[in-house]
Asker: 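Here it is, the structure, as structure tokens.
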Amino acid sequence: MTDMLDLRTLDLTALDRTALDRTALGRTRPLLVHTRAELAAARAALPGPVGVVPTMGALHKGHATLLRTARSDNRSVIATVFVNPLQFGPTEDLDRYPRTLDADLEVCAAEGVDVVFAPTAADMYPGGQPLVRVDAGPLGERLEGESRPGHFAGMLIVVNKLLNLTRADRAYFGEKDFQQLVLIRQMVDDLDLPVEILGVPIVRDADGLALSSRNRYLDAAQRVAALAVPRSLAAARAAAERGAGSDEVRGTVLDVLAHEPSLQLDRLDLVDAATLGPVDPLRPARLLVAVFAGSTRLIDNISLSQLED
């Protein structure tokens with residue numbers, strides 16, 4: 001393990017002393033901080049470069065992979081745990097979104113995280129609803145933005161704040177939320193934020209389902225039905241590799257999903273992987289799908305090589 005946070009350099013009077021505890025495996029627990037002042041004190045003591053992994057908690061193996069990647073690239077790692085109300089619509093699952101901070105801290109400890117920043121909404125938005133916001137622009141209004149109006153603007157506000165508060169050199173995001181990753185990269189480029197954004201490939205369960213904190217909402221039958229999503233994407237990739245065009249690739253997904261009538265298709269988009277615009281047959285593409293299994297919305301995607309059109 002690389003250098004961990006030297007707690008002796010901190011004024012711990014206002015910080016969580018449990019960071020000094022040892023787990024059964026002998027690892028130092030991450031320092032848990034809740035306020036901006038506590039984060040600033042902890043950040044000042046961290047040797048660089050510093051990587052940050054922003055999360056909404058309910059950590060799973062996909063998050064662990066993000067943390068592990070950050071740990072391998074940097075001397076210090078900060079994880080943030082915050083369920084951001086600004087990116088949930090009025091009919092979405094903010095209230096029932098899982099909050100599992102104790103378990104999240106164990107995941108962070110296992111992956112060598114130095115500091116966990118777990119603010120409240122009042123810590124993040126001390127003046128209430130922010131008056132000045134980040135506009136997601138045209139990229140945020142299409143695709144997922146059509147199904148979830150305002151989602152990406154709320155996401156970009158909190159990511160911008162977290163990047164500024166942590167002053168990280170690198171930030172890590174999963175490719176499962178592919179449009180989110182593209183938008184964050186665009187925001188960092190357009191606003192000249194001094195941080196490198198790195199995408200980490202989708203992590204899947206043994207049965208192929210993309211890992212998500214929302215998977216815990218699925219009952220046994222919905223879980224089985226949801227496996228049609230990765231099957232449909234795999235079939236689409238096979239079709240593309242055989243030389244299929246865009247329409248046939250989309251049709252392949254629809255054919256597979258049609259065998260699971262309990263799933264409700266929300267979106268199916270085939271886009272240029274870099275711009276999220278129309279597919280260019282000479283450039284890599286990304287196939288994005290969103291379905292409802294009961295009331296749970298699941299998203300997944302897959303990269304495709306050049307398509308024949």
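Residue numbers count from 1 along this sequence.
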Asker: Would you say that Leu59 contacts Cys108 through its side chain, given a criterion of any heavy-atom pair below 4.5 Å between the two side chains?
Answerer: yes

Asker: List the steps and the verdict of side chain to side chain contact (heavy atoms under 4.5 Å, CB included) for Ile299 and Asp266.
Answerer: CA-CA 9 Å; Ile299 62 173; Asp266 185 38; over 6 Å; no

Asker: Would you tell me whether Thr275 and Arg283 have side-chain atoms, one donor and one acceptor, within less than 3.5 Å of each other?
Answerer: no

Asker: Quick one: ring pair (Phe, Tyr, Trp, His ring centres under 6.0 Å) partners of His60, sequence neighbours excluded?
Answerer: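 Counting only residues at least two positions away or on another chain, His60 forms a ring pair (Phe, Tyr, Trp, His ring centres under 6.0 Å) with His63.
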
Asker: Looking at Arg267, Lys176, Arg297, which hits salt bridge (charged side-chain N to carboxylate O under 4.0 Å, His left out) with Glu144?
Answerer: Arg297

Asker: Using the salt bridge (Lys or Arg N to Asp or Glu O under 4.0 Å) criterion, which residues pair with Arg214? Sequence neighbours excluded.
Answerer: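 Per chain and number, Arg214 pairs via salt bridge (Lys or Arg N to Asp or Glu O under 4.0 Å) with Asp93.
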
Asker: Tell me if a side-chain donor or acceptor on Arg75 pairs with a main-chain N or O of Pro49 at a distance below 3.5 Å.
Answerer: no

Asker: Please examine the side chains of Asp207 and Arg223, heavy atoms only from C-beta on, and report whether any two atoms are closer than 4.5 Å.
Answerer: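 Contact flag for Arg223/Asp207 side chains = yes.
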
Asker: Give the table of side-chain donor-acceptor pairs shorter than 3.5 Å for residues 118-126, with sequence neighbours excluded, one pair per line with atom names and distance.
Answerer:
| residue | atom | partner | partner atom | Å |
| --- | --- | --- | --- | --- |
| Thr120 | OG1 | Ala122 | N | 3.3 |
| Thr120 | OG1 | Asp123 | N | 3.1 |
| Thr120 | OG1 | Asp123 | OD2 | 2.9 |
| Asp123 | OD2 | Thr120 | N | 2.9 |
| Tyr125 | OH | Asn84 | OD1 | 2.6 |

Asker: Please assess Tyr172 against Thr65 for the test side chain to side chain contact (heavy atoms under 4.5 Å, CB included), listing each intermediate value before the final yes or no.
Answerer: CA-CA 10 Å; Tyr172 298 79; Thr65 299; over 6 Å; no

Asker: Testing Val279, Val253, Asn301 one by one against Leu287 for a side-chain contact (heavy atoms from CB on, under 4.5 Å), which residue passes?
Answerer: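 With Leu287 as partner, Val279, Val253, Asn301 yield a single side-chain contact (heavy atoms from CB on, under 4.5 Å), made by Val253.
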
Asker: Between Ser303 and Glu175, is there a side-chain heavy-atom distance shorter than 4.5 Å?
Answerer: no

